[in-house]
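The structure under discussion appears below in the form of structure tokens.
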Amino acid sequence: QVQLVESGGGLVQPGGSLRLSCAASGSILSINAMNWYRQAPGKERELVASITSGGSTNYGASVKGRFTISRDNAKNTVFLQMNTLKPEDTAVYYCNAGILRVGSLYYVNYWGKGTLVTVSS
């Protein structure tokens with residue numbers, strides 16, 4: 001069984017910062033790309049940032065320059081440092097990763113249950 005568990009969400013004022021974490025656990029052989037998505041009320045889920053196993057990163061246009069994704073491969077954990085937060089960043093943030101389980105031949109896409117980020121004064 002593989003699980004992704006997010007943490008670090010909460011209420012923050014505009015201009016503030018938050019750091020999200022997502023830890024993968026279970027019988028894991030390897031993790032490919034790790035990603036953060038978000039879904040605001042009434043909107044579709046969108047890609048916020050992604051990072052490959054080698055450390056290459058990619059960001060959505062709305063967060064570029066404000067958010068930073070990183071990962072600790074030894075701990076199977078991905079982080080999202082969010083700075084200069086805006087009310088429009090309010091959403092449930094989901095962790096996503098391609099994971100190769102012990103005994104499997106293929107990478108499978110896994111999702112966390114999400115953590116709520118609210119940016120409001």
Side-chain angles (χ1 to χ4, degrees):
Q1 192 81 355
V2 170
Q3 278 189 314
L4 295 178
V5 179
E6 302 98 335
S7 61
L11 173 64
V12 63
Q13 291 187 341
S17 298
L18 277 178
R19 188 186 195 218
L20 305 183
S21 300
C22 171
S25 62
S27 301
I28 298 171
L29 265 181
S30 175
I31 302 179
N32 201 345
M34 302 186 82
N35 312 297
W36 286 99
Y37 284 77
R38 68 185 181 186
Q39 188 165 20
K43 294 189 176 181
E44 292 188 354
R45 192 172 295 190
E46 64 171 349
L47 177 66
V48 175
S50 61
I51 184 167
T52 67
S53 57
S56 297
T57 59
N58 187 46
Y59 296 93
S62 61
V63 306
K64 196 172 290 187
R66 299 187 297 122
F67 291 10
T68 302
I69 189 171
S70 60
R71 65 191 281 173
D72 183 336
N73 290 331
K75 296 182 178 180
N76 292 335
T77 301
V78 63
F79 306 97
L80 185 68
Q81 178 66 43
M82 305 185 294
N83 298 329
T84 320
L85 282 160
K86 305 175 181 180
E88 51 264 43
D89 294 317
T90 295
V92 178
Y93 284 71
Y94 297 92
C95 177
N96 163 263
I99 295 175
L100 179 65
R101 291 178 56 188
V102 173
S104 297
L105 296 177
Y106 307 102
Y107 283 86
V108 174
N109 211 22
Y110 288 89
W111 290 88
K113 294 183 178 180
T115 185
L116 177 62
V117 172
T118 303
V119 184
S120 175
S121 54

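Here the CG-OG distance, from N73 to S53, works out to 7.0 Å after rounding to the nearest 0.5 Å. The line from OG of S25 to NZ of K75 is 14.5 Å long, rounded to the nearest 0.5 Å. Note that the CD1 atom of I31 and the OG1 atom of T52 stand 12.5 Å from one another [nearest 0.5 Å]. Taken from CG in L85 to CG in L18, the straight-line distance is 6.0 Å, to the nearest 0.5 Å. Atom CG of L116 sits about 8.0 Å away from atom OG1 of T90, to the nearest 0.5 Å. Distance check, rounded to the nearest 0.5 Å: CD1 of I28 to OG of S104 gives 11.5 Å.
Closest heavy-atom contact between T84 and S17: N-OG, 4.3 Å. Across every non-hydrogen atom of S70 and I51, the tightest pair is CA-CD1, 3.8 Å. The shortest non-hydrogen separation linking L80 to A49 is CD1-CB, 4.2 Å. Across I69 and M34, no two heavy atoms sit closer than the pair CD1-O, 3.8 Å.
Ion pairing between R38 and E46 holds under the 4.0 Å rule for side-chain N and carboxylate O.
Side-chain atoms of S121 never come within 3.5 Å of backbone atoms of Q13 as a donor-acceptor pair (strictly under, hydrogens ignored). No side-chain donor-acceptor contact under 3.5 Å links E6 to the backbone of C22. Between the Q39 side chain and the A91 main chain, no donor and acceptor come within less than 3.5 Å of each other. Judged by distance alone, with hydrogens and angles left aside, the side-chain atoms of N96 form a donor-acceptor pair with the main-chain N or O of Y110 at under 3.5 Å.
Neither L4 nor L100 shares a network with the other; the hydrophobic side chains, linked directly or stepwise wherever heavy atoms of I, L, V, M, F, W or Y lie under 4.5 Å apart, form separate groups for each. Hydrophobic clustering (ILVMFWY, side-chain heavy atoms < 4.5 Å, transitive): Y94 and L20 are in distinct clusters. Note on V48 and Y59: same hydrophobic cluster, where clusters join Ile, Leu, Val, Met, Phe, Trp and Tyr whose side-chain heavy atoms are under 4.5 Å apart, directly or indirectly.
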Could you walk me through whether V117 and D89 pass side-chain contact (heavy atoms from CB on, under 4.5 Å), step by step? CA-CA 8 Å; V117 172; D89 294 317; 5.6 Å; no
TODO: Please assess I99 against V108 for the test side-chain contact (heavy atoms from CB on, under 4.5 Å), listing each intermediate value before the final yes or no.
DONE: CA-CA 5 Å; I99 295 175; V108 174; 6.0 Å; no
The test is side-chain contact (heavy atoms from CB on, under 4.5 Å); show your working for T68 and F79 and say whether it passes.
CA-CA 8 Å; T68 302; F79 306 97; over 6 Å; no
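Enclosure of atom CD in E44 is not indicated, since only 12 or fewer non-hydrogen atoms of other residues, nucleotides or ligands lie within 6.0 angstrom.
Checked against ring-ring contact (aromatic ring centres under 6.0 Å, His included), Y37 has the following partners two or more places apart in sequence or in another chain: W111.
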